[in-house]
Amino acid sequence: MATNWTINGVREALTAKKISARELTAEFYKRIEARNPELNAYLALSPERAQAQAERVDALVAAGKPLPPLAGVPVAVKDVISTRGTKTTCGSKILEPYVPAYDATAIERLEAAGAVILGKTNCDEFAMGSSNENSAYGPVKNPVALDRVPGGSSGGSAAVVAAGLAVASLGTDTGGSIRQPGAFCGIPAMMGSYGRVSRYGLIAFASSLDRIGPFATSVGDVARVLQAIAGRDPRDSTSTTDAVPDYLAEMDKPVKGLRLGIPKEYFAPGMDEGVRKKIEAGIEIYRKLGCELVELRMPHTDYAIATYYIIATAEASSNLARFDGVRYGLRVDGDSLVGMYRKTRGAGFGAEVKRRIVLGTYVLSAGYYDAYYLKGQKVRALIARDFREAFTKVDAILTPTSPVPPFKLGERTADPLQMYLADIYTVTGSLAGVPGISVPCGKIDGKLPVGLQLFGPAFGEARVLQLAQAFEQNGGATV
Ligand code: GLN
């Protein structure tokens with residue numbers, strides 16, 4: 001029986017009755033039991049829910065009924081996405097022992113498509129981080145290089161797919177948290193356009209930036225999961241009413257003649273030499289495929305990190321105000337109401353979350369709002385304009401996903417600013433609202449994965465997937 005399951009592989013095996021959905025689910029739980037103690041990638045499992053869903057799929061098979069697109073596919077979900085009946089922590093102590101009473105729309109849609117939800121994955125607390133080391137439940141190990149971080153904040157979702165403990169997973173991306181862990185764990189990972197996937201049931205970090213998106217072992221499987229979760233949801237007013245294209249049909253088209261923009265600002269000093277060589281080799285693949293390579297200028301790129309860390313922290317400080325010991329999770333009693341707030345928030349939040357609440361409160365405060373938050377919004381508009389202008393000249397933009405390969409556990413925790421600076425290539429697309437994917441682009445010394453990032457115009461996911469798949473099918477993973 002296959003060890004590297006794909007969505008099509010699951011479908012074929014179920015249809016041919018080589019395995020039942022129940023057996024497949026049990027096989028995945030066995031793998032998790034064997035491997036998770038070392039990786040620390042799952043925080044909670046939902047075997048009853050998984051079993052019930054597997055039974056529904058098996059009943060369809062037995063009745064000879066058509067199978068929905070993700071029938072029987074074992075998936076994992078980042079622990080910032082609400083799952084009815086399964087503990088949801090956001091990688092924090094402050095929500096303990098919160099069990100959501102409802103499912104996020106993305107979860108409902110996964111299950112409606114037949115997927116079997118195995119459990120919840122570890123992440124940086126409230127998705128704030130780039131290494132998964134800000135989780136209150138300990139770091140995740142990178143399954144490809146065990147002494148290294150898996151990236152963050154969706155480190156658990158990347159690790160479980162890379163380790164074969166789920167066929168696909170959902171993560172969230174606010175400033176890189178899907179794409180960067182995808183790059184670090186050597187698998188494709190995608191955020192659709194802002195508004196493409198409903199955020200209903202996603203516990204908010206920065207609402208104008210947060211997006212839910214998939215990890216899988218192939219670009220095709222990323223597309224299949226995105227297809228299942230995308231589309232308008234009346235419960236999220238920012239979700240788009242635009243029709244969702246048929247991604248799989250669109251992405252098989254040849255890429256010859258497509259114009260790929262290479263922005264100069266993304267190849268400045270500071271990038272690891274090993275990463276640079278791999279990305280250059282990756283660019284050669286596109287050249288051979290007949291793509292036109294166009295040098296671009298995106299002049300506001302330098303301001304992206306500062307802008308992101310103003311806007312994201314401002315929104316986080318507002319969003320996280322709801323965790324006050326009254327309505328959810330942890331409460332530490334004090335001698336007054338304010339005392340209770342202080343003690344609860346002091347005990348419940350980790351250091352990085354506190355740092356961001358303080359920063360965010362500062363940039364929103366009366367005397368500084370204009371100088372920081374308002375200015376940040378203006379620069380955000382300029383960054384978005386850089387993208388819009390670029391897309392009048394090119395079909396997609398090619399960059400590295402991260403300036404560095406996966407680093408060692410503990411290597412960067414002492415200096416938050418260094419950690420923030422590593423988000424340089426991902427936060428731009430987040431601020432602009434455009435779709436982005438990271439695809440595997442070789443391994444440095446055959447060991448450390450590198451990710452190549454592609455951005456497309458807003459709602460141009462199909463183009464991004466098409467180019468990513470061409471890369472994958474033409475040796476991208478082994479350049
Ligand atoms: N690393 C970035 C941060 O710490 C991005 C996080 C994310 O995308 N959720 O904010």
Side-chain angles (χ1 to χ4, degrees), residues 77-81 90-92 121-135 139-140 149-158 169-185 189-192 194 197 199 202-215 304-317 319-320 349-360 363 376 380 400-404 406-407 412-413 415-438 451 453 455:
V77 178
K78 185 179 184 181
D79 208 22
V80 292
I81 300 175
C90 296
S92 181
T121 56
N122 202 346
C123 57
D124 286 301
E125 187 174 3
F126 286 102
M128 297 173 188
S130 310
S131 69
N132 217 120
E133 293 168 295
N134 296 332
S135 167
V140 174
V149 301
S153 64
S154 314
S157 289
S169 65
L170 294 186
T172 62
D173 195 310
T174 303
S177 281
I178 291 176
R179 292 159 286 156
Q180 184 256 25
F184 278 18
C185 291
M190 178 152 188
M191 66 165 187
Y194 184 79
V197 177
R199 289 180 293 111
L202 164 62
I203 299 172
F205 160 13
S207 309
S208 77
L209 295 158
D210 294 342
R211 306 184 213 173
I212 295 177
F215 293 87
I305 294 267
T307 305
Y308 170 81
Y309 277 95
I310 287 170
I311 293 172
T313 57
E315 294 186 19
S317 75
N319 275 325
L320 271 55
F349 288 135
E352 180 61 28
V353 173
K354 286 178 186 160
R355 182 177 300 120
R356 297 201 187 196
I357 292 173
V358 171
L359 271 170
V363 301
R380 180 179 189 173
T401 306
S402 163
V404 291
F407 41 90
R412 290 179 170 232
T413 40
D415 186 350
L417 193 57
Q418 281 310 314
M419 200 71 105
Y420 297 172
L421 289 173
D423 297 335
I424 174 112
Y425 301 142
T426 47
V427 293
T428 50
S430 300
L431 291 163
V434 300
I437 196 168
S438 178
Q453 179 174 240
F455 288 124

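Bear in mind the structure is a predicted one, so any value in this text is a computation, not a measurement. One-based numbering, in listed order, for ligands and for the atoms of each.
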Are any of the N/O atoms in [X] less than 3.5 Å from those in ligand 1?
X	result
Gly129	yes
Ser130	yes
Tyr308	yes
Ala127	yes
Gly175	yes

Closest non-hydrogen protein atom to [atom], residue and atom name please, with distance?
atom	answer
atom 2 (C) of ligand 1	Asp423 OD2, 3.1 Å
atom 3 (C) of ligand 1	Tyr309 OH, 3.2 Å
atom 4 (O) of ligand 1	Arg356 NH2, 2.7 Å

Would you sort out whether Arg380 and Ser208 count as a side chain to side chain donor-acceptor pair (under 3.5 Å), showing the intermediate values?
CA-CA 11 Å; Arg380 180 179 189 173; Ser208 77; 2.8 Å; yes
Quick check on [X] - does any of its heavy atoms sit under 4.0 Å from an atom of ligand 1?
X	answer
Ala312	no
Tyr420	no
Glu352	no

Where ligand 1 meets [X] - atom numbers and elements under 4.0 angstrom, heavy-atom basis:
X	answer
Met128	4 (O)
Ser153	9 (N)
Phe205	9 (N), 10 (O)

Should the ring pair Tyr420 and Tyr309 be called parallel, tilted or perpendicular, given that the plane angle runs from 0 to 90° and is split at 30 and 60?
parallel
Kindly compute the distance separating [atom1] ([X]) from [atom2] ([Y]), expressed to the nearest 0.5 Å.
X	Y	atom1	atom2	result
Phe349	Leu320	CZ	CG	4.5 Å
Ser130	Leu421	OG	CG	10.0 Å
Leu431	Thr174	CG	OG1	11.0 Å
Asp124	Glu352	CG	CD	8.5 Å
Ser430	Asp210	OG	CG	9.5 Å

Go through it in stages, so that I can follow the logic: the residues are Asn319 and Ser207, the test is side chain to side chain donor-acceptor pair (under 3.5 Å), and I'd like the CA-CA distance, side-chain angles, deciding distance and then a yes or no.
CA-CA 8 Å; Asn319 275 325; Ser207 309; 3.1 Å; yes
Would you check if the side chain of Thr426 reaches a backbone N or O of Gly175 as a donor-acceptor pair within less than 3.5 Å?
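The answer is yes, because a donor-acceptor pair under 3.5 Å joins these two groups.
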Quick one: look at Ser177 and ligand 1, take heavy-atom pairs under 4.0 Å, and tell me if it's side chain, backbone, both or neither.
both
Option passing salt bridge (charged side-chain N to carboxylate O under 4.0 Å, His left out) with Asp173 (candidates Arg211, Arg179, Lys78):
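It is Arg179; the other options fail the test.
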